[in-house]
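Single-structure report; data block below.
Any value given below was found using the heavy atoms of this structure, including those in side chains, with hydrogens, waters and symmetry copies removed.
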Amino acid sequence: RDRLTIAALALPAARLAALGRSRGWTHLHVLNPGNSANISLLCKALSGLPYSINLVGPIEHFGSNQIAKWREAEFGLVMSDRLQQSIRETAGSVAPKEIAIAPLGVDLDKAKRDEPYRPWNGDGRPLIYTCGRLNRVKGHVYLLEAIATARDAGVDVELAIAGEDEQRGQGYRKVVEQKIAALGLADRVSLLGALPEDQHFAWLNRAHLFVLPSLDEGISVAAMDAMAHELPTIVTDCGGMKELVAHDVDGLMVDPANSAQLASAIVRLARDPDLCARLSRASREKVAAKFHNRLAAEAFCRLVVR
């Protein structure tokens with residue numbers, strides 16, 4: 001099956017090779033090691049056009065043929081130390097010599113608040129926003145359980161979930177909808193679907209808290225966006241998230257798949273506006289220092305012109 005899938009990519013690879021020749025391209029950079037990397041691999045076989053790969057999440061999420069993809073790549077860019085190690089473990093001795101750690105990063109000129117952040121003041125419900133595709137690995141069910149627990153503890157929050165599943169709403173979205181119904185949260189949870197960047201930023205400006213309940217991540221760009229918007233952020237201790245969030249310094253961190261801890265963190269922030277204000281100030285400072293978008297651009301330029 002995998003071989004048939006790769007063979008089916010020969011036509012777009014040939015078209016890409018022809019386009020590269022006609023336009024004088026000297027390098028391709030691929031966003032992830034999925035089928036786009038298979039196309040670049042075939043394109044290189046047809047035309048000799050070199051390519052590099054960016055890895056932004058767990059390598060096992062991007063399909064088979066990883067050894068060949070990385071063997072032929074000129075270099076790699078990754079979001080975290082952990083992802084760098086995963087390429088070394090997967091591709092072994094044929095991994096690219098250069099695998100630079102360079103988070104995709106945030107454009108701080110665009111990712112900024114419209115007005116100063118204000119913690120929840122006790123009126124109405126505090127608004128929590130989360131963003132990520134509807135997939136088991138994103139941990140939505142644990143966040144929903146945490147919302148129900150927080151409600152039972154006296155903090156009745158509202159939750160907005162941005163993102164869609166890979167089956168255009170006919171896949172994991174159904175699991176999330178069933179969980180919402182089972183917990184009696186239909187009047188507290190909104191499924192927003194996939195959002196363009198301007199609407200994503202608008203929700204970050206509206207929300208009181210951002211929560212990332214993932215079971216596995218590289219380093220979440222959505223969490224970077226939230227922190228750039230000075231939004232108090234709760235994340236799970238998975239993947240490379242410790243490289244982004246220092247617990248109780250510029251965000252809060254809980255164990256993955258632990259709805260009780262997640263609920264406690266939500267209740268804590270909802271009841272402590274001074275803590276929210278402190279995390280709000282520190283979060284943008286962290287992103288500005290280590291996760292702005294020029295870092296990846298500089299790493300790419302250094303490697304591609306060597």
Checking side chain to side chain donor-acceptor pair (under 3.5 Å) for the pair E166/N135: CA distance, chi angles, key distance, verdict?
-> CA-CA 8 Å; E166 292 87 345; N135 184 288; 3.2 Å; yes
Any side-chain heavy atom of I128 within less than 4.5 Å of one from I147?
-> yes
N-O pairing of R125 and D156 below 4.0 Å | yes
Is the closest side-chain heavy-atom distance between R271 and V155 below 4.5 Å?
-> yes
Look at the side chain of H247 and the backbone N and O of M253, then say whether any donor-acceptor pair between them is shorter than 3.5 Å.
-> yes
Please round to the nearest 0.5 Å and tell me the distance separating atom CG of L46 and atom CG of L41.
-> 9.5 Å
For residues A150 and I266, report the shortest heavy-atom separation together with the two atoms involved.
-> CB-CG2, 4.4 Å
Please list all pairs passing the salt bridge (charged side-chain N to carboxylate O under 4.0 Å, His left out) test where one or both residues lie in residues 201-215, with sequence neighbours left out.
-> none
Is there a side-chain contact between L209 and P126 (heavy atoms, below 4.5 Å)?
-> no
Hey, is the main chain of G57 close enough, under 3.5 Å, to the side chain of E217 for a donor-acceptor pair?
-> no
Between CG of D225 and CG of L231, what distance do you get to the nearest 0.5 Å?
-> 11.0 Å
Would you name the heavy atoms of F210 and T130 that are closest together and state the gap between them?
-> CE1-CA, 3.8 Å
For E164 and R133, indicate whether the former's side chain and the latter's backbone hold a donor-acceptor pair under 3.5 Å.
-> no
Would you find a donor on one side and an acceptor on the other, under 3.5 Å apart, between the side chain of D165 and the backbone of R173?
-> yes
Pair D250 + R278: basic N to acidic O under 4.0 Å = no
Residue pairs involving residues 50-73 (criterion salt bridge (charged side-chain N to carboxylate O under 4.0 Å, His left out); sequence neighbours excluded) = K44-E72
Nearest heavy-atom pair of A288 and L108: which atoms, and what distance?
-> CA-CD1, 3.5 Å
Does anything in residues 253-263 pair up under salt bridge (charged side-chain N to carboxylate O under 4.0 Å, His left out), and if so which pairs, sequence neighbours excluded?
-> none
Take C276 and Y117 through the test side-chain contact (heavy atoms from CB on, under 4.5 Å) and record every step on the way to the result.
-> CA-CA 9 Å; C276 286; Y117 171 75; 3.9 Å; yes
Does the Q66 side chain pair with the main chain of F62, one donor and one acceptor, at a distance under 3.5 Å?
-> yes
So do the side chains of H29 and N54 get within less than 4.5 Å of each other, counting heavy atoms only?
-> yes
Could you tell me whether a side-chain N or O of R284 sits under 3.5 Å from a main-chain N or O of A228, the two making a donor and an acceptor?
-> yes
Passing option when Q261 is tested against T236, V254, D237 for side chain to side chain contact (heavy atoms under 4.5 Å, CB included) | V254
Between atom CG of L31 and atom CG of L104, what is the distance when rounded to the nearest 0.5 Å?
-> 6.5 Å
Do the non-hydrogen side-chain atoms of P96 and W70 ever get within less than 4.5 Å of each other?
-> yes
Looking only at atom types and distance, does a side-chain atom of S283 sit under 3.5 Å from a main-chain N or O of S280, one as donor and one as acceptor?
-> yes
Heavy atoms only: give me the nearest L295-A102 pair and the separation to one decimal.
-> O-CB, 4.3 Å
In Å and rounded to the nearest 0.5 Å, what is the CG to CG distance from L11 to L42?
-> 11.0 Å
Between the main-chain N or O of A260 and the side-chain N or O of T149, is there a donor-acceptor pair closer than 3.5 Å?
-> no
State, yes or no, whether a side-chain contact exists between D248 and L275 at a heavy-atom distance under 4.5 Å.
-> yes
Side-chain (H208) to main-chain (L127) donor-acceptor, under 3.5 angstrom | yes
Would you say the side-chain atoms of S86 and E89 include a donor-acceptor pair closer than 3.5 Å?
-> no
Side chain to side chain contact (heavy atoms under 4.5 Å, CB included) with V287: which of M227, E230, H229?
-> M227
Return yes if some donor-acceptor pair links the side-chain N/O of S220 with the main-chain N/O of A222 below 3.5 Å, else return no.
-> yes
Verify whether the ring centers belonging to H200 and Y129 lie closer than 6.0 Å.
-> yes
Do you know the tightest heavy-atom contact between E243 and R82?
-> OE2-N, 4.2 Å
Roughly how far, to the nearest 0.5 Å, is the CG atom of L212 from the SG atom of C131?
-> 9.0 Å
So, for A100 and L303, which heavy atoms are closest and what is the spacing to 0.1 Å?
-> CB-CD1, 3.9 Å
Just wondering, do M224 and L244 contact through their side chains at under 4.5 Å, heavy atoms?
-> yes
Pair Y51 and H27, ring centroids less than 6.0 Å apart = no
Given the rule in the salt bridge (Lys or Arg N to Asp or Glu O under 4.0 Å) test, do E145 and K179 qualify, once you have shown the distances and angles that lead to the verdict?
-> CA-CA 9 Å; E145 291 173 357; K179 190 71 171 181; 2.8 Å; yes
Quick one: are K138 and P213 in side-chain contact, heavy atoms under 4.5 Å?
-> no
Find the distance between NZ (K286) and CG (L279) and round it off to the nearest 0.5 Å.
-> 11.5 Å
